[in-house]
Amino acid sequence: MAETNLHRMHRFDLTKRLVAKLQREEAVIGGIGHSNFDLWAAGHRPQNFYMLGSMGLAIPIALGVALAQPARRCFALEGDGSLLMQLGCLATVATLAPKNLTMLIMDNGSYQITGGQATPAAGGADFVAIARGCGLRSAVWATDETDFDAQIDRCLATDGPHLIGLKLDDQPPAAQTERDPPQLRDRFMRGMGVKKSKLPG
Amino acid sequence: MTKPWHEIVVEVLKANEIRLIPYVPDNVLKPLINAIHADPFFTTFSTAREEEAIGIVCGGVMAGMRGMALMQTSGFMTLPNVLASLPCSFQIPALMMVSERGTLGEFNMGQAAVWRTMRPTLDGLAMPWHVITRLDECEFITDRTIKQALMTQSPACLLLSPLLTGGKASPVRTGH
Ligand SMILES: Cc1ncc(C[n+]2csc(CCOP(=O)(O)OP(=O)(O)O)c2C)c(N)n1
């Protein structure tokens, strides 16, 4: 389907739909800005990592997690503007082909958090086509919410790497992540089973 | 016979369980990269950018697989923003090994100019870093820097000086 015909979805709604399907302590890495804000708003899980800077690194971080823990499924939530900054990572993922990695591209066509400016993809760059061109065979646009649910089920049941493109509306995020990086890292490492601590958390 | 620097580095990485080694290549790093590829202990591969390698190492270490990114000076200097905002802010022991270009006989003016920005940047990031210049200090500096980074949850950078590695010789003769 031509990506321009796609129904526009709401990032917070899709994030809640994803989180509701996670039953096995799957890792979720939220990229800079609104991708991680809505992940936070969907309800904190110890297996969530909220990236508060380093624009473009949600997929590389998720790849590192996926390589370290092959038995755990990992999701990266990355904005379209952010992905444009690090397109090469799609080739790396295709080459390493981690079975447990799924990438969700939050494509609202803009740099929403900095004021909604159009990205350089406005000329028609198609992220799913780019992903396929990088060698990611399981790369599709989700056509609507029902299709999104089905795609997530497929990603949870089959070997990846998977990539799902999501055309989004321009609604703002539902909340803001608490900005305390060492605390966020500490909780994530506990959530990954890497850090044990008697300190409550 | 004494071991070459890259054999020492491989031994120290293994002793400290540093398995995940993404890199953007450099000629001086070639024997190290080759040795790491040849050893199934390591998970190693090239990345499109050094930033990507830092993201991968940070994800890996947070999920229990320690890592070190390999690069040259010019690659390091693409990193200040992601180092400041990811491993420095989140206190993640992301390790880096940088082959020093731009000093002690550099032939490329661009590399020489980038080299001048590296130490001020490392200091500005307030990140521990050490230069390895001598073979007899290579094991100690590498091992202690890695251990301190892990114990203090800090990124750290090791610079491989041409004094250690021989550097990259000029492909052209000077003076004409
Ligand atoms: C290297 C770098 N350049 C610019 C910025 C400023 N910045 C922060 S978020 C952002 C936009 C992110 O866009 P996108 O990933 O599409 O997410 P959205 O805001 O649309 O949710 C920009 C330009 C930054 N943080 N880092």
Side-chain angles (χ1 to χ4, degrees), chain A residues 25 27 29 31-32 47-72 74 76 78 82 85-98 100-101 134 179-196, chain B residues 17-25 37 40-69 71 75 78-96 125 127 149-155:
Chain A
E25 303 193 348
I29 314 301
I32 195 169
Q47 297 81 24
N48 289 355
F49 183 73
Y50 312 93
M51 203 192 79
L52 297 179
S54 59
M55 183 172 169
L57 293 192
I59 291 174
I61 293 170
L63 173 59
V65 174
L67 293 172
Q69 298 201 7
R72 185 192 302 272
C74 302
E78 188 64 300
S82 296
M85 205 169 260
Q86 206 65 242
L87 280 175
C89 74
L90 297 177
T92 311
V93 170
T95 298
L96 296 177
N100 54 337
L101 179 62
C134 285
R179 284 194 168 84
D180 193 338
Q183 294 291 326
L184 298 176
R185 191 258 309 139
D186 174 86
R187 297 309 185 277
F188 181 66
M189 290 180 76
R190 296 183 195 209
M192 291 298 97
V194 169
K195 183 173 176 183
K196 306 264 184 279
Chain B
E17 292 272 327
I18 313 293
R19 290 178 188 270
L20 185 57
I21 317 284
Y23 63 87
V24 178
H37 268 289
F41 176 86
F42 297 104
T43 300
T44 188
F45 48 88
S46 60
T47 59
R49 288 183 64 78
E50 292 80 1
E51 291 185 332
E52 197 193 332
I54 293 300
I56 292 165
V57 166
C58 287
V61 69
M62 287 193 291
M65 189 186 231
R66 299 169 180 172
M68 177 183 267
M71 66 197 80
T78 68
L79 291 178
N81 173 63
V82 302
L83 291 176
S85 56
L86 187 59
C88 292
S89 293
F90 283 83
Q91 297 176 359
I92 301 169
L95 302 166
M96 282 151 268
L125 287 163
M127 201 176 81
L150 297 171
M151 291 185 295
T152 62
Q153 291 164 195
S154 167

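Numbered from 1 within each chain, the chains take letters A, B, ... in sequence-line order.
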Requested in this report: Flag the pair A:Phe188 / B:Phe90 as yes when their ring centroid distance falls below 6.0 Å, and as no otherwise.
Outcome: no

Query raised in the report: What residue in B:Ala53, B:Ser89, B:Gly67, B:Cys58 has the most heavy-atom pairs under 4.5 Å with chain A?
Result: B:Ser89

Query raised in the report: chain A: which of B:Pro22, B:Gly60, B:Ala84 shares the most heavy-atom pairs with it under 4.5 Å?
Result: B:Gly60

Query raised in the report: Given that the side chain runs from C-beta out, which part of A:Val65 has a heavy atom under 4.5 Å from chain B: side chain, backbone, both or neither?
Result: both

Query raised in the report: Where does A:Leu96 contact chain B at under 4.5 Å (heavy atoms): side chain, backbone, both or neither?
Result: side chain

Report task. Quick one: closest heavy-atom pair of B:Met96 and B:Pro155, and the distance? Result -> CE-CB, 4.3 Å

What option among [options] has the most heavy-atom pairs under 4.5 Å with chain B?
options	result
A:Ala66, A:Gly53, A:Cys89	A:Cys89
A:Ala58, A:Ala68, A:Ala62	A:Ala68
A:Ser54, A:Gly88, A:Ala27	A:Ser54

Query - Six-ring centre of B:Phe41, B:Arg19 cation under 6.0 angstrom, axis tolerance 45° - result: yes

Report summary line: In this structure, CD1 of A:Ile61 is separated from SG of A:Cys74 (nearest 0.5 Å) by 12.0 Å

Requested in this report: Calculate, to the nearest 0.5 Å, the distance between atoms CD and CE belonging to A:Glu78 and A:Met51 respectively.
Outcome: 6.0 Å

Query raised in the report: Can you find a pair of side-chain heavy atoms, one from B:Leu79 and one from B:Glu51, that are under 4.5 Å apart?
Result: yes

Report task. Check whether B:Val61 gets within reach of chain A through its side chain, its backbone, both or neither, counting any heavy atom under 4.5 Å. Result -> backbone

